[in-house]
Amino acid sequence: MRPDYQRLASRIEGRVTLGAMMKQYTTWKIGGPADCLAEPASADDVAAILAFAKEEGVPVFVFGNGSNLLVKDGGIEGIAIRVGDRLSRRSYRRREDGSTVLTAESGLILSKMARETAKKGLRGLEWAVGIPASLGGAATMNAGAYGHCFYESLIGAEVVTCDGDIRRLGKGELTYSYRHTALMDLGAIVTEVELLLRDGDREELIGSVEKTMALRREKQPLELPSAGSVFKNPEGSHAGYLVEQTGLRGRRVGNARVSEKHGNFILNLGGASAEDVLRLIDVVRFEVKKAQGYDLEPEVRVVGRDKAPED
Ligand SMILES: Cc1cc2nc3c(=O)[nH]c(=O)nc-3n(C[C@H](O)[C@H](O)[C@H](O)COP(=O)(O)OP(=O)(O)OC[C@H]3O[C@@H](n4cnc5c(N)ncnc54)[C@H](O)[C@@H]3O)c2cc1C
């Protein structure tokens with residue numbers, strides 16, 4: 001029997017939408033319908049959604065800004081929990097040692113916070129401008145760029161565990177490595193992060209943000225939908241370089257194409273399906289292995305169900 005999702009809507013302050021197309025919520029603009037899309041407005045909402053899912057025996061999938069996701073064309077079974085703009089409050093607290101603690105809900109966008117903190121003359125996130133991650137996604141994946149990573153500033157996080165308990169984790173519990181964190185292993189939903197920022201020169205920080213953004217515009221194809229880097233950099237090399245050396249720039253399957261500008265980006269030329277992208281990923285992996293001997297491992301998360309043949 002189909003779960004009574006209206007009952008969920010009455011239990012949370014946030015929003016519940018049935019059959020929402022996930023392509024509206026991913027930067028690739030790809031993804032079929034979620035049976036139920038729930039957008040919590042608090043950690044209590046998240047706990048209530050998890051409790052409802054348990055009662056009804058439906059699976060849950062959590063995501064943030066969908067900037068590292070390939071959602072398959074059949075969409076998401078059960079409840080897709082979007083930690084998004086309904087969880088976007090933040091506050092700044094000055095400490096006696098002159099540093100500042102930013103307490104920010106997970107739905108805020110990292111790139112926007114990089115700009116906001118630079119404008120306040122606070123150092124720590126300026127390298128992250130241009131990364132369209134939610135803070136929850138950045139904390140879970142340990143987003144990074146230009147020799148920096150999110151965990152350099154992270155000092156604490158509020159999470160909702162799979163059992164629905166709301167917990168605060170301190171620095172010691174937040175272990176991490178390249179694109180991997182203890183939060184992934186825990187399978188918890190991050191609802192808030194605490195970041196430590198230092199005083200800096202406002203003009204210098206704003207300049208650094210603008211320089212980083214200019215570098216991204218120069219190197220990355222930002223004019224068409226993508227999920228950033230598709231493959232992890234293998235030990236000792238760069239995925240984009242390997243793809244380019246294999247002559248795969250511009251390779252196309254359906255409406256998905258390897259960028260001419262950056263070999264590790266796959267672009268949605270308009271109306272690409274997840275199937276197009278998955279087939280192109282296979283082509284790239286096969287050709288790179290054959291020509292360069294490297295096994296490329298996807299950095300993007302592939303989730304959801306295949307489209308039924310009769311659809
Ligand atoms: C143009 C572009 C440039 C990019 N540049 C970079 C870059 O320089 N460096 C980099 O690291 N990444 C980059 N990315 C990729 C992406 O922004 C990061 O991987 C980011 O960390 C994903 O965050 P998200 O909120 O979009 O997560 P989503 O894509 O929504 O989800 C990613 C994973 O995190 C989990 N997750 C998300 N939110 C939560 C939460 N609140 N609690 C628990 N789990 C959660 C999801 O279950 C999923 O497994 C780029 C992407 C684009 C499109």
Side-chain angles (χ1 to χ4, degrees), residues 22 25-31 34 37 39-40 43 45-46 49-50 59-71 76 79-88 104-114 125 127-151 154 157-162 169 176 178-193 212-213 215-217 219-233 239-240 259 261-262 264-268 298-304:
M22 289 293 291
Y25 302 100
T26 62
T27 56
W28 237 333
K29 304 289 169 219
I30 292 174
L37 178 80
E39 297 175 89
D45 270 5
V46 173
I49 295 165
L50 294 179
V60 294
F61 166 69
V62 61
F63 72 109
N65 200 35
S67 64
N68 199 46
L69 282 187
L70 180 60
V71 180
I76 302 283
I79 306 174
I81 303 177
R82 175 172 179 254
V83 177
D85 41 22
R86 277 156 204 266
L87 274 170
S88 59
E105 287 185 335
S106 289
L108 284 158
I109 300 298
L110 179 57
S111 182
K112 286 190 186 152
M113 295 315 292
L125 293 182
W127 57 271
V129 67
I131 305 184
S134 68
L135 295 183
T140 309
M141 308 269 317
N142 191 19
Y146 307 113
H148 293 276
C149 74
F150 194 69
Y151 272 58
L154 190 65
E158 178 190 78
V159 301
V160 183
T161 67
C162 351
L169 302 178
Y176 66 95
Y178 175 60
R179 305 288 179 272
H180 189 91
T181 69
L183 291 170
M184 283 178 180
D185 302 333
L186 206 65
I189 299 177
V190 186
T191 45
E192 191 176 273
V193 296
T212 302
M213 205 52 229
L215 198 65
R216 280 187 178 267
R217 281 195 203 97
K219 305 261 183 222
Q220 299 180 354
L222 302 179
E223 57 296 335
L224 284 171
S226 78
S229 292
V230 173
F231 300 103
K232 290 183 186 173
N233 286 325
S259 162
K261 200 170 179 181
H262 192 309
N264 205 8
F265 276 57
I266 290 182
L267 305 175
N268 178 356
E299 176 171 325
V300 292
R301 298 291 181 82
V302 181
V303 297

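If you're wondering where the values come from, they're calculated on a predicted model, not measured in any experiment. We count ligands from 1, going down the list as the structure has it; atoms in each ligand are counted the same way.
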Min N/O separation [X] to ligand 1 under 3.5 Å:
X    : value
G144 : yes
E299 : no
S106 : no
R301 : yes
V62  : yes
N142 : no
G64  : yes
Q220 : no

Identity and separation of the nearest protein heavy atom to [atom]:
atom                    : result
atom 8 (O) of ligand 1  : R216 NH2, 2.7 Å
atom 26 (O) of ligand 1 : S67 OG, 2.6 Å
atom 36 (N) of ligand 1 : T140 OG1, 4.1 Å
atom 12 (N) of ligand 1 : I131 CG2, 4.1 Å
atom 28 (P) of ligand 1 : G66 N, 3.7 Å
atom 21 (O) of ligand 1 : G137 O, 3.4 Å
atom 33 (C) of ligand 1 : M141 SD, 3.7 Å

* Minimum heavy-atom distance between L87 and P40, given as atom pair plus value ->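 The pair with the smallest heavy-atom distance is CG-O, 3.6 Å.
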Part of [X] with heavy atoms under 4.0 Å of ligand 1, whether side chain, backbone, both or neither:
X    : value
V190 : both
S229 : neither
L69  : both
A139 : neither

Nearest-0.5 Å distance, [atom1] of residue [X] to [atom2] of residue [Y]:
X    : Y    : atom1 : atom2 : value
E299 : N264 : CD    : CG    : 7.5 Å
I30  : S226 : CD1   : OG    : 10.0 Å
E39  : D45  : CD    : CG    : 11.0 Å
L69  : F61  : CG    : CZ    : 4.5 Å
I266 : F231 : CD1   : CZ    : 5.5 Å

* If you measure from each heavy atom of P225 to ligand 1, is any distance below 4.0 Å? ->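 Distance cut 4.0 Å: P225 fails for ligand 1.
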* With a 4.0 Å cut-off on heavy atoms, is M184 touching ligand 1? ->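 The answer is no, since M184 has no heavy atom less than 4.0 Å from ligand 1.
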[Y] side chain reached by [X] side chain, heavy atoms, under 4.5 Å:
X    : Y    : value
W28  : V300 : yes
F150 : I131 : no
C162 : L50  : no

